[in-house]
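Notes to accompany the following structure.
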Protein chains: 2
Amino acid sequence: MKILDNPLIRESAFNQLRKMILSQEIKPGEKLNEKEVAEQLGVSRTPVREALHKLELEGLVEIFPRRYCLVKGVTHECIREIHLIRSQLEPIAASIAVNNLTNEDLERLDNLIKLSVEFASKGNVEKIMEANDEFHQIINRASNLSRIIAILENMHDYVEAFRYSFMSRTDLVKRSIEEHQEILAALQTRDKELVKKIVTKHLEGITEYEEVILEDMKQSLKVFDDELHNK
Amino acid sequence: MKILDNPLIRESAFNQLRKMILSQEIKPGEKLNEKEVAEQLGVSRTPVREALHKLELEGLVEIFPRRYCLVKGVTHECIREIHLIRSQLEPIAASIAVNNLTNEDLERLDNLIKLSVEFASKGNVEKIMEANDEFHQIINRASNLSRIIAILENMHDYVEAFRYSFMSRTDLVKRSIEEHQEILAALQTRDKELVKKIVTKHLEGITEYEEVILEDMKQSLKVFDDELHNK
DNA sequence: TCGAACAATTCAGAATTCAATATGAAGCTG
DNA sequence: CAGCTTCATATTGAATTCTGAATTGTTCGA
């Protein structure tokens with residue numbers, strides 16, 4: 001297994017491991033051995049160590065000094081908490097972003113919605129998600145609140161599987177697009193309170209379906225939850 | 001300079017550097033040299049590197065690969081953002097904590113308020129802050145929301161200087177204690193919505209004085225802000 | 001037979017060494 | 001004289017080595 005995407009080996013190792021954990025390729029409860037991981041990735045132990053420390057900071061693994069490194073993974077509680085955090089921080093970020101969003105930004109947002117409609121008609125879930133991500137990213141980043149941006153973007157990858165399920169339902173995609181149109185309309189008025197209200201509503205809409213989708217996902221995740229619990 | 005508090009050298013180095021940055025002993029804009037820092041701390045470069053990476057994750061330094069490590073420090077904007085995040089997450093954490101707080105917890109909270117009153121009469125600012133910290137810590141942790149707890153506790157140290165200024169004003173201490181009594185009363189009713197409302201009010205109360213205190217602190221911080229800006 | 005202590009093995013933490021990259025100065029060329 | 005190129009130096013990134021801690025297994029004694 002070779003890594004090429006980043007000149008910094010520790011970053012490549014981090015991204016690789018992170019992806020493997022989030023995709024459940026490495027399962028929760030598993031113990032990682034520095035040496036083995038290093039050999040698997042074809043690098044030395046140093047960058048692996050650094051990658052593991054970074055993963056620990058994100059809560060994806062837990063390091064027991066001088067013992068072992070335990071993979072934690074993403075549980076249902078974790079996904080619920082992430083949505084809770086998002087529902088608290090995104091509305092405020094959006095309302096602050098109102099001050100900083102340029103007309104070009106708003107045009108791009110409009111464009112992204114149009115693209116979403118197009119992808120939705122083709123049933124291209126990946127592309128809808130990409131457009132969706134950029135939509136929220138533009139708004140969040142315009143808030144210029146570096147910590148909030150970091151928190152939101154960090155949590156983003158954790159709910160990849162969840163969002164995929166969400167976007168696979170045509171009714172939910174339709175509703176999502178309508179809500180994005182509403183958000184854009186609100187942003188165009190430059191009315192902070194209105195934006196906050198609409199974004200909150202949008203996130204509550206997601207929460208509404210969250211439990212249903214989590215139930216659907218239960219089967220695929222349950223195995224890992226159990227394994228994690230046994231350890 | 002020797003470090004003894006932690007069997008893990010990297011943790012000691014991290015804590016030491018973090019403290020030095022937050023206390024402005026190391027100034028924003030300064031460039032850290034791994035070798036020099038290692039020599040100053042009397043350890044090798046490896047744990048220093050790991051400490052610096054951890055500091056980068058917290059946003060206290062910025063590492064430019066193969067170049068240098070820049071100290072960022074805490075700006076006014078940073079403090080404002082931290083309070084904003086806190087104001088969004090603490091009320092929700094408290095309202096969820098309602099389900100989990102034991103009677104022992106509530107007794108401890110009551111006790112902490114009594115201690116605060118005592119320390120306030122003696123003008124012991126450090127002790128008031130300690131009691132204050134434990135008060136919020138108990139509530140936050142009872143939410144069992146690990147990510148939110150991590151976010152809130154991580155940001156805690158950043159506003160140390162700010163909180164010290166806050167607690168040095170007897171009028172604000174008095175008000176703070178009254179509000180804590182209100183919070184405890186709300187928690188005792190086990191009414192989630194009420195708790196959320198009261199905690200929100202408490203945090204808004206802090207925000208109210210924030211700008212005034214930041215203005216006071218300006219003189220001591222301005223120098224460093226300027227330095228940071230020049231770099 | 002069970003428990004405790006000691007030894008051996010394993011694995012992570014830290015130090016040291018080696019390699020790569022960026023910067024800055026000096027010299028050369030147009 | 002200015003700008004580009006090259007080379008030397010400084011500094012970080014990665015690999016390797018060494019040390020120390022923790023766990024496990026074995027042996028001896030009660």
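Each chain gets a letter, A, B and so on, in the order its sequence line appears, and its residues count up from 1.
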*Criterion side-chain contact (heavy atoms from CB on, under 4.5 Å) on B:K31 and B:R67, from CA distance to verdict*: CA-CA 10 Å; B:K31 285 175 189 169; B:R67 302 248 190 123; over 6 Å; no
Expressed in angstrom and rounded to an integer, what is the separation of [X] atom [atom1] from [N] atom [atom2]?
X     : N      : atom1 : atom2 : answer
A:I9  : C:dT21 : CD1   : C1'   : 13 Å
B:R45 : C:dT16 : CZ    : P     : 12 Å
B:L8  : C:dC11 : CG    : C1'   : 14 Å
A:E50 : D:dT12 : CD    : C1'   : 11 Å
B:K35 : D:dT9  : NZ    : P     : 14 Å
B:L41 : C:dA15 : CG    : C1'   : 15 Å
B:L52 : D:dG13 : CG    : C1'   : 13 Å
A:L70 : C:dA12 : CG    : C1'   : 16 Å

May I ask you to say whether [X] pairs ionically with [Y], meaning some side-chain N is under 4.0 Å from a carboxylate O?
X      : Y      : value
B:E77  : B:R80  : yes
A:K19  : A:D157 : no
B:K122 : B:E118 : yes

*asked:* By nearest atom, which of the nucleotides C:dA15, D:dG13, D:dC18 is closest to the B:V43 side chain?
replied: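 Given the options C:dA15, D:dG13, D:dC18, the side chain of B:V43 is closest to C:dA15.
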_Among D:dT12, D:dC18, C:dA15, which nucleotide has an atom closest to any side-chain atom of B:R49?_
D:dT12
*Compare side-chain N and O positions of B:R10 against OP1 and OP2 of C:dG13 and report whether any pair is under 4.0 Å apart.*
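Yes, such a contact exists.
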*Enumerate the residues from residues 55-68 of chain B whose closest heavy atom to DNA chain D is under 4.0 Å, giving them by residue number; use none for an empty result.*
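Close to the strand are B:P65, B:R66, B:R67.
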*In terms of the nearest nucleotide of DNA chain D, which residue is placed more toward the 5' end: A:T46 or B:N33?*
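Final value for this comparison: B:N33.
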*asked:* If you count heavy atoms of other groups shown closer than 6.0 angstrom to NZ of A:K127, is the number above 12?
replied: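 Counting neighbours around NZ of A:K127, 12 or fewer heavy atoms of other residues, nucleotides or ligands fall under 6.0 Å, so no.
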*Check whether any side-chain N or O of A:N111 sits under 3.5 Å from a backbone N or O of A:E107 as a donor-acceptor pair, and report yes or no.*
no
*Taking side-chain hydrogen bond (donor to acceptor under 3.5 Å, both in side chains) as the test, write out the residues that go with A:K35, two or more places apart.*
none
